[in-house]
Amino acid sequence: MSVKIYHNPRCSKSRQTLELIEGREIQPEIVKYLEVPPTVAELDQILTMLGLEPEALMRKKEAEYKESGLDQAGLSRAEQIEKMVANPKVIERPIVVNGDRAAVGRPPEQVLDIL
């Protein structure tokens, strides 16, 4: 099983989700996405696995949301994804990927369905 978590160690939900995964004897690949953001293709694939449009995975209260122009109406999906990758702080966390399935750990228990 190849489990990957897009993780922010400073986020309590992200830490709780990681603990849940490790508590199941799973050693996930930990991606500190603020340091190493997903590529445009990776984020596009994650959104598809989640069944979400980019806007649903954005942290709209982050300053970078407005500063990057993500609050502008009429941006294409591709433009939104590019701006999210360029400003990873706006990406909701944590995201757990297991094979062709993904879940957002809000609440952390949501990831149990894909493990």
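Worth knowing before you read on, the calculation uses all heavy atoms, side chains too, and leaves out hydrogens, waters and symmetry mates.
Listed by chain and residue number, Cys11, Gln16, Pro94, Arg106, Pro108 satisfy the side chain to side chain contact (heavy atoms under 4.5 Å, CB included) test with Lys13 (two or more places apart in sequence, or in another chain). Contacts of Arg15 classified as salt bridge (charged side-chain N to carboxylate O under 4.0 Å, His left out), with partners at least two apart in sequence or in another chain: none. For Glu67, the side chain to side chain contact (heavy atoms under 4.5 Å, CB included) criterion is met by Ala63, Glu64, not counting sequence neighbours. Under the rule for a salt bridge (charged side-chain N to carboxylate O under 4.0 Å, His left out), the partners of Glu53 that lie at least two apart in sequence or sit in another chain are Arg77. In this structure Gln110 satisfies the side-chain hydrogen bond (donor to acceptor under 3.5 Å, both in side chains) test with no other residue, sequence neighbours excluded. In terms of the side-chain hydrogen bond (donor to acceptor under 3.5 Å, both in side chains) criterion, residue partners of Ser76 (sequence neighbours excluded) are, by chain and number, Glu79. When the side-chain hydrogen bond (donor to acceptor under 3.5 Å, both in side chains) test is applied to Glu62, the partners found at least two apart in sequence or on another chain are Arg59. Residues that satisfy the side-chain hydrogen bond (donor to acceptor under 3.5 Å, both in side chains) test with Ser14, not counting sequence neighbours, are His7. Gln45 pairs by the side chain to side chain contact (heavy atoms under 4.5 Å, CB included) definition with Met49, not counting sequence neighbours. In terms of the side chain to side chain contact (heavy atoms under 4.5 Å, CB included) criterion, residue partners of Glu29 (sequence neighbours excluded) are, by chain and number, Lys4, Val31.
For the pair Val97 and Ala102, the tightest heavy-atom approach, listed with the atom from each and the gap, is CG2-CB, 4.1 Å. Nearest heavy-atom pair across Leu52 and Ala56 is CD2-CB, 4.0 Å. Across all non-hydrogen atoms, the minimal contact from Ile91 to Tyr33 is O-OH, 3.3 Å. Contact between Met84 and Leu57 at its shortest, heavy atoms only, is CE-O, 3.8 Å. Heavy atoms only, all atoms of each residue included: Pro38 and Val85 are closest at O-CG1, 3.2 Å.
Residue Tyr6 is grouped with residue Val90 when hydrophobic side chains (ILVMFWY) are merged at heavy-atom distances under 4.5 angstrom, including chains of intermediate members. Linking Ile, Leu, Val, Met, Phe, Trp and Tyr whenever their side-chain heavy atoms come within less than 4.5 Å leaves Leu50 and Leu112 in two separate clusters. Follow the hydrophobic side-chain contacts under 4.5 Å out from Leu115 and you never reach Ile46; the two are in separate clusters.
We find the CD-CG distance between Gln80 and Asp44 to be 11.5 Å, quoted to the nearest 0.5 Å. Note that the CD1 atom of Ile21 and the CG atom of Asn98 stand 9.0 Å from one another [nearest 0.5 Å]. Taking NZ of Lys89 as the reference point, atom OG of Ser68 lies at 12.5 Å (rounded to 0.5 Å). With rounding to the nearest 0.5 angstrom, the CD1 atom of Ile95 is 7.5 Å from the CG atom of Leu47. Atom-to-atom distance recorded for Thr39:OG1 and Glu82:CD is 11.5 Å, nearest 0.5 angstrom.
A side-chain contact (heavy atoms from CB on, under 4.5 Å) with Val3 is found for exactly one of Val111, Val96, Ile30, Ile114, namely Val96.
For residues 31-43, no residue pair satisfies the salt bridge (charged side-chain N to carboxylate O under 4.0 Å, His left out) rule, not counting sequence neighbours.
The shortest side-chain heavy-atom distance between Met58 and Glu92 does not fall under the 4.5 Å cut-off. At a threshold of 4.5 Å between non-hydrogen side-chain atoms, the residues Leu18 and Pro28 count as touching.
For the pair Lys60 (side chain) and Leu70 (backbone), a donor-acceptor distance under 3.5 Å is absent.
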